[in-house]
Amino acid sequence: MKKINFKNRCALFVVYSLFGFGVLQAQNTTDLVRTKTNLNADWQYVANDTKKITDIAQIANWTQLNLPHTWNSEDATDAEPGYRRSASWYKKNLAIPTIDKNKVYQLYFEGANITTKVYVNGSEVGEHVGGYIGFTFDITKFIKAGNNEILVRVDNSYNIEIIPSQKSDFFIYGGITRDVWLLSMAKNHIEKIKITTPKVAAKSAALVVKTFVENPQGNTYSAQLKNPEGKVVATQKGMLSGSETAIKFNDIKNPELWDIESPNLYTISVSMLEKGKIIDKIEDKVGFRWFEFKENGPFYLNGKRVLIRGTHRHEEHAGVGAAVSNEQHRKDMESIKEMGANFVRLAHYPQDPEIYKACDELGLLVWDELPWCRGGVGNQVWKTNAKNLLSEMIKQNYNHPSIIIWSLGNEMNWLPDFPDGDNTEKMTTFLKELNSLSHQLDPSRKTAIRKYEEGARIVDVFSPSIWSGWYSGSYKSYKKAVDKYKQDYKHFIHAEYGGDSQVGRHSENPITGEGQIKVEGWEEAIVQGKGANIAQIGDWSESYIVDLFNWHLHISENDPMFVGNIQWAFKDFGTPLRPEDDIPYMNQKGLVDRNGNPKDAYYVFKSYWSEKPFAYIESHTWTERQGPKDLARVLNVFSNCPKVEFFHNGVSLGEKQRDLKAYPACGLTWNVNFSEGKNTFVAVGTTKDGKKVTDTIDVNYRFTKNGPAVGLVLSSKKMKNGNYLVTALAVDKNNLRCLDYEERVYFQCLSGGQTLKNQGTPTGSESIKMSNGKAAIEVIPDTKSDSIEMTILNQNFKGEYLKFKK
Ligand code: GCB
C-alpha cells in the first residue's frame with residue numbers, strides 16, 4: 001500500500017481509510033479495538049476568508065454552533081441577489097485525556113463544501129478539494145494529551161476548476177455540511193474491506209471480502225458472516241497476506257436476497273489478530289443481489305423484471321440548506337419509499353452516508369452521481385479534481401448493495417466554463433477516461449450519464465432529455481419519445497420529467513395533454529399557448545402537474561418493455577438560477593414542498609406505486625371553486641384500492657373499479673354537479689381483503705364569477721406550534737375571493753414578531769405569488785408585545801394592515 005504524506009492533499013488517503021466504516025452510524029461507537037466519536041458539538045465559527053492561521057489567532061468574534069452547518073442556510077434564499085461564496089473558519093477544542101501510543105487517531109469529515117484545510121495545534125494536517133464526499137486526515141503526530149485546537153478553513157468561493165459548475169441548477173452551500181468524527185484504531189489496522197459478490201443465484205452465492213492491511217506482519221484474520229436474522233452462517237480464518245487478502249466464501253446456500261421488497265442485509269465482520277488476540281475489527285453490511293439491463297429493456301433484479309420507479313433527491317431542506325440532520329436525511333428516504341419508489345438518483349452529487357445506509361435498509365436502488373453537472377471540460381487541474389472525486393465516490397460507496405449505477409455526469413457540455421469546453425472531441429475523450437476509470441474501479445456496476453447525446457454510446461446506460469409537456473411539447477407525446485429512445489439506445493432509462501407547481505394553485509381548465517386550454521365560455525384563459533414550452537407559458541398549477549404526472553405514469557406503468565423513469569425531483573429545492581420563481585430561488589418541481597409536505601402530485605405517484613391502501617380526493621388545497629351552474633366538473637380520486645365509491649353531500653355517485661389502463665386516475669373519476677355553497681365529498685376505497693379507507697374534503701362552490709381584484713384582505717390564526725399563520729386573500733368589489741389572481745405579494749411584520757422567511761416554502765417566504773388569490777406566511781411572535789402588526793402590498797395594492805392580539 002502506498003505511503004501517505006499527510007501534508008499533501010489527501011484525496012488518495014481518504015478513499016483507503018474510509019472503507020469499512022459504512023456500518024457505523026451517526027452515534028459514538030466503541031468496541032475493544034476501535035472508537036468512533038462524534039465531534040458535531042461545540043464548534044466556533046467565523047465568516048472570514050483569510051488564509052493565514054496567524055490572522056485567525058487574533059479573532060475574537062467567534063459564534064458558537066453545532067455541526068452540520070452552512071453559512072448559506074438563509075442567505076441563499078433571501079431577497080438579496082447572490083449568496084456568500086467565500087471562506088469561513090471553524091474551531092474546536094478537542095479534549096483527548098490520554099493518548100495511546102499503540103493507536104492512530106484520525107479526523108473523518110463526511111463532507112465539507114468545497115475546499116477544506118485542516119489544522120491541528122497550529123500545524124496543517126491536510127487539504128481536501130471537492131465537496132459532497134468524505135475525507136480523513138491522520139492527526140496522530142499532531143495531537144497531545146489534553147486540549148487540542150482544531151481549525152478548519154472551508155471555502156466555497158467561485159472556482160471553475162472544481163465541479164460542479166456554477167451554472168448548475170442548485171446552490172453550492174459552503175460549510176462543514178456533514179458530521180465530523182474522531183476515529184482511533186490500532187497502529188497496525190485494517191485499512192478497509194471491499195465487498196464483492198462475484199456469483200449470486202437463488203440457490204447459492206459467493207462473497208469475496210478484500211481486506212487491506214498496510215503491514216500484516218504475520219497477523220491472522222477471522223471473518224464471520226451473519227445472516228439478516230443475526231445467525232452466523234459462515235466463518236473463515238487464515239493468514240493476512242501482503243497488503244491485500246481476499247477472504248472468500250464460495251458457497252452461501254440459499255442466500256436471502258437483497259431486493260426492493262425485502263432488503264435483506266447480512267453482516268460481515270473481519271477481525272485482525274496478533275498472537276491470537278484481536279487487535280482490529282471491521283464490520284459492514286452485505287447484500288446479495290444481481291441485476292441486468294436487457295438490451296432495449298426492461299430491467300431485471302434477481303432474475304425478475306422490475307419497473308424502475310424513481311425520483312431524485314437533492315441534499316437540502318427548508319431553513320438549513322445542505323446542513324441536513326441525519327434524522328431529516330432518513331425521513332426524506334422514508335418518505336420516498338412510502339410513496340412506493342424503488343429507485344433514487346442522487347442528483348447531482350454523492351450524498352451523506354446516512355442516505356446510502358437508508359437506501360440499503362429500505363430497498364431503494366441508487367444512481368450515484370459525480371457532480372460533473374454542466375460547465376463542459378476544464379483545464380488539467382479541473383480534470384485531476386474531477387477524476388479524484390470520481391474515484392473517491394466509487395471507493396467510499398463501493399460496499400453499498402443499493403448502488404447499481406455510477407453516473408459520470410449530467411448535461412455536462414452545456415454552458416461551458418472554459419473556452420471551447422463544450423468541444424465534442426474534448427468532451428468525449430474525457431468522458432471515456434472517466435468511464436474506464438469507473439469500470440476499472442468497479443467492474444460490477446454500470447456507468448451512466450444524462451442528456452449529453454454524444455456520450456450516449458460511451459457509457460453503459462443512457463438517459464436522453466425528455467421533458468414532455470414542460471420544456472417542450474405536450475405530455476401526451478411522452479409515449480412517442482419513450483418508444484423512439486427504446487429503439488435508439490441499447491440501455492435506455494429516462495431520468496427527469498415533471499414541472500413546477502405552486503402549492504394551492506388549481507385550475508378548472510389546465511392546459512390539456514394536447515397542449516391546449518379548454519375554453520368554456522366565460523372563464524378567462526390564463527394563457528393561450530400552443531403547448532410549445534409550458535415551463536414559460538403555463539400557470540404552474542397543481543392541476544396541470546397532476547395531469548402531466550398521471551399521463552407519464554399511465555404510459556410507464558403499462559409498458560412491459562420499459563426500464564422505467566425517474567421523476568424530477570422529490571422535494572422543492574433552492575437554486576441561484578431562479579430568482580423570479582413563484583417562491584423566489586426555488587425550483588418548485590417537487591412532489592413535496594421544501595419542508596417535505598406532500599403536494600397533490602405525491603398522491604398520484606403513491607396511487608400507482610405504493611401498496612399501503614389509501615384514497616386521496618384531488619384536492620385538499622382546492623377548497624374554493626367557481627363555475628357556471630349545471631356545468632359538471634370531473635373529480636379525480638387517486639387510490640391504490642381496487643374499488644372506490646364516491647359520495648357527494650351524502651349521496652353515492654357510484655362505485656368504480658380501478659383500471660390501470662384508464663386515464664386519468666385509473667378510471668376513478670366522477671362527474672359532479674356542485675351545489676352552491678358547501679359540498680362534502682367522501683371517497684371510500686375497498687382494499688383487496690375488504691377493508692375500507694376513506695378520504696373527505698369540503699369545497700365551497702359558487703356560481704358567480706369573481707370580478708377584478710380590488711384589494712387584499714388579511715387574517716390570522718394561531719398555529720399548533722405557537723406561531724401565527726397570516727393569510728392574505730385577493731378580493732373583488734363584492735368581497736369575492738379572486739380565484740384567478742396570481743400576482744406576487746410581499747409580507748412584512750411591522751411589530752410584535754418576525755416572519756418566518758427565506759425558507760423557500762409556501763408559508764415561509766415574504767415574497768410569493770398568490771395561489772388562486774391566496775397567500776400566507778408564518779409569524780413567530782416575540783415575547784414582549786401583546787399584539788402583532790402585519791402588512792402586505794404589491795404594485796397593485798398600496799398596503800393592507802392587520803393588527804391582532806396574541
Ligand atoms: C435539468 C437538470 C436539473 C434541473 C432540471 C430543471 O435538466 O438536470 O439540474 O434542475 O432540469 O428543473 O430544469
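Counting starts at 1 for both ligands and their atoms, following the listed order. No experiment lies behind these values; they were computed from the predicted model shown. In this chain, residues are counted from 1 in sequence order.
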### Task
For the residue pair H348 and W568, categorise the inter-ring angle as parallel (less than 30°), tilted (30 to 60°) or perpendicular (more than 60°).
parallel

### Query
How are the rings of Y663 and H554 set to each other: parallel, tilted or perpendicular (split at 30° and 60°)?
tilted

### Query
Between R445 and D442, does at least one N-O distance fall below 4.0 Å, as a salt bridge requires?
yes

### Task
Inspect the contact between E496 and K451 and indicate whether a charged nitrogen and a carboxylate oxygen are less than 4.0 angstrom apart.
no

### Query
With under 30° as parallel and over 60° as perpendicular, where do the rings of F293 and H491 fit, or are they tilted in between?
tilted

### Query
Mind checking what residues have non-hydrogen atoms under 4.0 angstrom from ligand 1?
D169, H348, R374, N410, E411, R450, W467, Y471, E496, W568, F573, R578, N587, K589

### Message
Quick check with a 6.0 Å cut-off and a 45 degree axis cone: is K167 positioned over the face of W414's six-membered ring?
### Response
no

